[in-house]
Amino acid sequence: MALLLDGNRISGEDIRTQNVTACAAVANIVRTSLGPVGLDKMLVDQIGDATITNDGATILQMLEVEHPAAKVLVELSQRQDKEVGDGTTSVVLLAAELLKRSHELVKQKIHPTTVISGIRLAMREAVKFIKSNMVMDISSLGEEVIINAAKTSMSSKIIGADDSFFSQLVVNAAQSVEKTMSDGRKKYLIDNVNIIKCPGQSSTQSHLVDGFALQMMRSAQGMPLNVQNAKIAILGFDLRQFRLQQGVQVLVKDVDEMEKIKEREKDITKDRIMKLINAGANVILTSGGIDDLNAKYLVENNVMGLRRVPVKDLHKIATATGGVVLPNLADLEGSESVDPDSLGTAAEVAEVTLGDQQFVYIKGAAHSGASTVVLRGANMFMLDEIERSVHDALCVVKRVLESRKVVAGGGAVEAAVSMHLDTFATTLGSREQLAIQQFAEALLIIPRVLSVNAAKDAAELVARLCANHYTSQTQADRVSLKNMGLDLVNGEVVDSVERGVLEPALSKVKSLRFATEAAITILRIDDYIKLNPKEQEQR
């Protein structure tokens with residue numbers, strides 16, 4: 001049927017098939033990067049810059065997907081990355097598999113609304129089962145549980161070989177930004193963990209700085225290299241020679257007056273600097289520039305000055321040191337002054353050379369709550385991937401520390417939930433039963449892909465894994481089998497908890513919810529109308 005609108009329309013079966021195909025294509029790109037033996041992808045952009053990674057969210061973000069349904073999966077991975085930090089690849093695979101199986105049901109003349117209702121019911125039952133049967137409190141598992149959760153996150157990354165070193169580094173970094181809220185709960189503000197990259201040496205030379213580190217140097221060589229008991233002025237304006245704004249005209253009839261104006265322009269910034277110094281500042285950080293003339297005043301007064309500090313870093317430093325970012329020095333009387341209470345305090349501010357780069361360390365900040373991970377590595381490709389791996393591990397550690405709940409990894413949760421849903425589906429006498437059975441089958445995509453990527457016999461391993469979980473749910477004396485997962489190195493089914501393969505409970509629950517919602521969003525579409533772009537009128 002031709003539309004009255006200027007465009008084309010695809011309906012029903014055709015558009016569903018298109019959407020499922022597009023989503024399957026996106027999932028196939030990240031499929032081989034899942035798991036501890038997953039492979040990396042090299043992505044090259046328009047100007048030739050290469051990125052080598054196996055992080056699902058990074059891969060999909062760089063793909064610049066155009067198909068509207070496939071974009072839903074890209075946004076899904078980014079949402080998982082933002083909310084949990086890990087599990088970005090598995091959530092995309094799960095959503096695509098769920099969509100494919102749901103589409104098969106729709107092809108068999110089961111109405112999409114019935115399928116959606118069944119999927120929702122299965123998701124709710126799955127979450128309920130995970131919370132009641134699979135979740136373990138970390139207090140019952142000993143001190144090593146947080147380290148093991150970090151190691152599990154790193155196992156599929158470039159730093160997997162050095163997971164003992166990096167897991168300890170990440171846990172120390174997360175614990176250094178602990179904050180107790182007014183209701184007594186502990187929060188871990190991992191945004192206050194600054195990660196900086198310095199090429200050179202091996203990755204195990206990376207270290208944690210108790211404080212804030214900036215990848216820059218002093219604005220003049222004569223400034224002190226090290227300032228003890230630092231009083232830090234944090235400025236949101238530059239310290240360059242004052243100039244009147246464009247459009248301001250000053251009518252001068254005397255040449256001497258002109259010279260006085262020029263002298264006064266020089267003195268305005270000098271007066272501001274002296275006000276800061278008289279308030280007690282011996283370190284000045286500014287988001288703007290510091291010109292040579294004003295750098296001279298800082299050198300004469302033995303003050304360290306840093307210019308063009310990123311605004312985001314200024315706010316973090318202000319939080320850590322108890323200072324205030326000053327957009328200007330104006331006070332209520334209309335003149336300029338500096339309140340000593342607006343200055344941040346730190347035990348030490350020092351310039352340090354690592355490799356061939358300079359860094360400024362702000363240590364012993366008054367309000368603490370800030371630390372920096374300095375990453376070392378052979379080249380920038382490696383450092384970029386280590387940074388992504390450390391960020392993911394930090395997110396995992398934060399979730400474990402805050403929720404105090406973990407689940408077994410290695411496909412244990414997916415297999416257990418799949419077996420439970422199979423049993424649950426038989427208790428229903430409606431058509432939703434079919435959708436719940438397909439949901440149960442879709443969950444097995446995770447252990448299946450893990451096995452295939454590890455070059456193992458997926459059919460045999462997944463069958464043995466499911467048999468263990470079925471036994472744990474049907475025989476009261478074999479409940480301990482509920483934590484059985486895959487050992488992908490030896491191709492065995494083992495107790496994941498004993499092996500220390502643990503993941504945040506939140507990661508599994510969120511990925512199930514997100515994948516279900518994404519699949520439902522795409523499944524609900526039964527019409528696609530694309531309008532043609534309007535032609536420009538010829539003049």
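Under the side chain to side chain contact (heavy atoms under 4.5 Å, CB included) rule, V193 has a single partner from V373, V390, T372, which is V373. When each of P36, S155, S496 is tested with V501 by the rule side chain to side chain contact (heavy atoms under 4.5 Å, CB included), just one qualifies, namely S496. For the pairing with K41, the side-chain hydrogen bond (donor to acceptor under 3.5 Å, both in side chains) check across T32, T58, T53 returns one residue only, T32.
E492 has no carboxylate O lying under 4.0 Å from a charged side-chain N of K456, or vice versa, which leaves the two without a salt bridge. Using a 4.0 Å cut-off between a side-chain N of Lys or Arg and a carboxylate O of Asp or Glu, R79 and E75 do not qualify as a salt bridge. Salt bridge status for E104 with K100: absent, with no side-chain N to carboxylate O gap under 4.0 Å. Electrostatic pairing of K157 and D55 counts as a salt bridge here, judged by a charged N lying under 4.0 Å from a carboxylate O.
More than 12 heavy atoms of other residues, nucleotides or ligands shown are found within 6.0 angstrom of CD on Q475. Within a 6.0 Å sphere centred on CE of M380, heavy atoms belonging to other residues, nucleotides or ligands number more than 12. Within a 6.0 Å sphere centred on OH of Y361, other residues, nucleotides and ligands contribute more than 12 heavy atoms. For F381, the CZ atom is loosely surrounded, since the number of other residues' heavy atoms within 6.0 Å does not exceed 12.
A donor atom on one side chain and an acceptor atom on the other are found under 3.5 Å apart for N172 and Q168.
Contact annotation: the side chain of E503 never approaches that of V413 to less than 4.5 Å [non-hydrogen atoms, C-beta and beyond]. Side-chain contact between L60 and V26: present, with at least one pair of heavy atoms (C-beta onward) separated by less than 4.5 Å.
What you find for Q438 and R101 is that their closest heavy atoms are OE1-NH1, 3.3 Å.
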Show me the side-chain donor-acceptor pairs of residues 402-411 shorter than 3.5 Å, one per line, residues at least two apart or across chains.
{"residue": "E402", "atom": "OE2", "partner": "Y188", "partner atom": "N", "Å": "3.0"}
{"residue": "E402", "atom": "OE2", "partner": "K398", "partner atom": "NZ", "Å": "3.1"}
{"residue": "S403", "atom": "OG", "partner": "R399", "partner atom": "O", "Å": "2.7"}
{"residue": "S403", "atom": "OG", "partner": "K405", "partner atom": "N", "Å": "3.4"}

